[in-house]
Novice: 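Dropping the structure in here first, questions after.
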Amino acid sequence: MLKRKLLVIGIGAGNPDHVTIEAVEAMNRASVFFIPDKGDEKTELASLRRTILERFMRHDSYRIVPFSVPKRNRSDAYERDVDEWHAAIEEMHETLIAHELGEDETGAFLVWGDPMLYDSTLRIIDRIAAGGKIALDYAVIPGITSLQVLAARHRIVLNAIGRPVTITTGRRLAEDLPGSAGSVAVMLDGQNAYGDVDEDMDIWWGAYLGMPDEILVSGRLADVADEIREKRESARRDKGWIMDSYILKRRERDDPG
Ligand SMILES: C[S@@+](CC[C@H](N)C(=O)[O-])C[C@H]1O[C@@H](n2cnc3c(N)ncnc32)[C@H](O)[C@@H]1O
């Protein structure tokens, strides 16, 4: 059986200048691009993928296949909601690939940031490949993650010297601040979870990183938490959506400042 070829390409977190040369070469091997179209905020994000294609494709013999991402149920059973959501996405991807990608063609998913960080594309493709209904051969091309841009903009090293790093979500941070970690990078925080952290920490926060509307705030958490909340809320009101992340580090005990 012929295997359909798929490329999962990290495209950076919003700045087309962050697309790597390897990603450009991979895109140019593809002839079908599957592009999500998720509504409001996401129309802008989907258009960024199109901008990237217009800028980097050296041939025009490719087509774009837009798809709508199923909505996640938001009940109290988070894990079950995510499972059901992934199953629905998997079914949709399988149908898309079967119907839209010829056996001799190469398809591509342009994944925000890097596919290894809080993105389900790889898990879904892995499940489709393991399911055996479609024979797939796929490769992953890394991208620059939002966390790299965040650290670069603030000119900081993610880890404290010799210390570990925890990457987590706002939801998990609210449940439990990782104890032994030297630093904590937080993504997907829809609830201002940093506001409930009562330890003495520094924060480096960034929204729309790499994009024209980029906003940065840093300082002692207790001093800047309100400023971050205000900037976050007013930006979300103005644009209708926000993407932000932050890094927290415990302050040294003997730090006088
Ligand atoms: C579903 S995750 C995807 C992460 C992505 N794979 C990456 O490598 O950055 C989405 C979260 O990433 C963070 N994020 C992505 N792009 C961002 C950006 N341009 N500025 C700030 N945060 C961003 C936000 O925390 C957002 O909630």
Side-chain angles (χ1 to χ4, degrees), residues 7-20 22-23 34-49 51-52 69-72 74 78 81-82 85-86 89 93 108-126 140-154 156 158 165-174 183-195 203-218 228-229 231-236 238-248:
L7 298 167
V8 181
I9 305 174
I11 54 165
N15 185 341
D17 286 354
H18 295 171
V19 173
T20 69
E22 189 185 18
F34 299 104
I35 297 211
D37 167 14
K38 302 195 227 172
D40 27 301
E41 107 212 42
K42 318 292 181 158
T43 314
E44 203 171 324
L45 306 190
S47 81
L48 189 110
R49 289 181 171 86
T51 307
I52 283 176
V69 178
K71 281 221 168 8
R72 174 157 66 82
R74 285 173 196 275
Y78 176 78
D81 290 347
V82 169
W85 185 50
H86 281 178
I89 298 179
H93 276 53
F109 285 93
L110 303 181
V111 173
W112 199 258
D114 187 286
M116 58 101 198
L117 195 58
Y118 288 111
D119 187 276
S120 44
T121 311
L122 283 179
R123 260 189 287 266
I124 286 160
I125 291 175
D126 208 29
V140 181
I141 287 84
I144 291 184
T145 76
S146 49
L147 286 185
Q148 286 168 282
V149 184
L150 177 66
R153 290 295 189 260
H154 284 292
I156 58 164
L158 183 54
V165 174
T166 298
I167 302 178
T168 190
T169 61
R171 213 178 120 260
R172 295 304 293 258
L173 185 79
S183 2
V184 188
V186 185
M187 311 176 79
L188 292 159
D189 181 1
Q191 59 197 85
N192 300 311
Y194 55 87
I203 185 167
W204 292 264
W205 174 82
Y208 314 109
L209 291 158
M211 302 184 218
D213 299 320
E214 184 174 274
I215 315 171
L216 300 172
V217 175
S218 62
I228 294 175
R229 188 190 306 268
K231 291 206 159 129
R232 201 170 185 275
E233 260 133 49
S234 97
R236 192 212 288 275
D238 292 349
K239 272 179 87 70
W241 61 277
I242 190 161
M243 276 224 225
D244 62 338
S245 338
Y246 50 93
I247 294 164
L248 294 167

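Remember, predicted model here, so these are calculated numbers, not experimental data. We count residues from 1, following the sequence as given. Just so you know, ligand 1 is whichever comes first in the structure, and atom 1 is the first atom listed for that ligand.
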Novice: Taking atom 10 (C) of ligand 1 as the point of reference, which of Asp119, Leu188, Asp189 owns the nearest heavy atom?
Specialist: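 Looking at heavy atoms only, the winner is Leu188.
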Novice: Write out the residue and atom name of the closest protein heavy atom to atom 12 (O) of ligand 1, then the distance separating them to 0.1 Å.
Specialist: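 Among all protein heavy atoms, the one nearest atom 12 (O) of ligand 1 is Met187 CE, 3.3 Å.
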Novice: Roughly how far apart are Trp205 CH2 and Lys231 NZ, rounded to 0.5 Å?
Specialist: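 Spacing of CH2 (Trp205) from NZ (Lys231) equals 7.5 Å.
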Novice: With no hydrogens and no angle check, is any side-chain donor or acceptor of Tyr246 less than 3.5 Å from a backbone partner on Asp189?
Specialist: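 No; zero donor-acceptor contacts below 3.5 Å.
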Novice: For ligand 1, which atoms, with element, lie under 4.0 Å from some heavy atom of Met211?
Specialist: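 In order of numbering, the contacting atoms are 19 (N).
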Novice: For Trp85 and Pro70, indicate whether the former's side chain and the latter's backbone hold a donor-acceptor pair under 3.5 Å.
Specialist: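 Between the backbone of Pro70 and the side chain of Trp85 there is a qualifying donor-acceptor contact (under 3.5 Å).
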Novice: Once you round to the nearest 0.5 Å, how far does CD of Gln148 lie from NE2 of His18?
Specialist: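 So the gap between those two atoms works out to 9.5 Å.
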Novice: Run through Leu117, Asp244, Thr169 and flag the one making a side chain to side chain contact (heavy atoms under 4.5 Å, CB included) with Met187.
Specialist: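 It is Leu117, the one option of Leu117, Asp244, Thr169 that forms the side chain to side chain contact (heavy atoms under 4.5 Å, CB included) with Met187.
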Novice: Write out the residue and atom name of the closest protein heavy atom to atom 8 (O) of ligand 1, then the distance separating them to 0.1 Å.
Specialist: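 Answer for atom 8 (O) of ligand 1: Asp114 N, 2.9 Å.
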Novice: Evaluating non-hydrogen atoms only, which member of Ser245, Gly113, Ser146 is closest to atom 9 (O) of ligand 1?
Specialist: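 Closest candidate by heavy-atom distance is Ser146.
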Novice: Give me the residue, atom name and distance of the protein heavy atom closest to atom 4 (C) of ligand 1.
Specialist: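 Protein heavy atom with the smallest distance to atom 4 (C) of ligand 1: Leu117 O, 3.4 Å.
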Novice: Which residue from Ala13, Gly206, Gly12 reaches closest to atom 19 (N) of ligand 1 through any of its heavy atoms?
Specialist: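 Shortest heavy-atom distance from atom 19 (N) of ligand 1: Ala13.
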Novice: Check whether any side-chain N or O of Arg229 sits under 3.5 Å from a backbone N or O of Asn192 as a donor-acceptor pair, and report yes or no.
Specialist: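 No, because the side chain of Arg229 does not come within donor-acceptor range (under 3.5 Å) of the backbone of Asn192.
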Novice: Looking at atom 24 (C) of ligand 1, what's its closest protein heavy atom, distance included?
Specialist: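 Looking at atom 24 (C) of ligand 1, the protein heavy atom closest to it is Asp244 O, 3.2 Å.
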Novice: Identify the residue among Leu147, Leu158, Ile247, Val184 that makes a side chain to side chain contact (heavy atoms under 4.5 Å, CB included) with Val165.
Specialist: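 Only match with Val165 under side chain to side chain contact (heavy atoms under 4.5 Å, CB included): Leu158.
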Novice: If every non-hydrogen atom of Ala235 is compared with every non-hydrogen atom of Ile242, which pair is closest and at what distance?
Specialist: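 Where Ala235 meets Ile242 most closely, the heavy atoms are CB-CD1, 4.2 Å.
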Novice: Among all protein heavy atoms, pick out the one at the shortest distance from atom 21 (C) of ligand 1; state its residue, atom name and that distance to 0.1 Å.
Specialist: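 Closest protein heavy atom to atom 21 (C) of ligand 1: Met243 O, 3.2 Å.
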Novice: Counting from 1, what ligand 1 atoms have a heavy atom of Tyr118 closer than 4.0 Å?
Specialist: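 Within the 4.0 Å cut-off of Tyr118, ligand 1 contributes 1 (C), 2 (S), 3 (C).
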Novice: Suppose we measure from atom 18 (C) of ligand 1 to each protein heavy atom; which comes out shortest, and what is that distance?
Specialist: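 For atom 18 (C) of ligand 1, the nearest protein heavy atom is Leu209 N, 3.6 Å.
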Novice: Name the closest protein heavy atom to atom 16 (N) of ligand 1, giving the residue it belongs to and the distance to 0.1 Å.
Specialist: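 Residue, atom and distance for the closest contact: Trp112 NE1, 2.9 Å.
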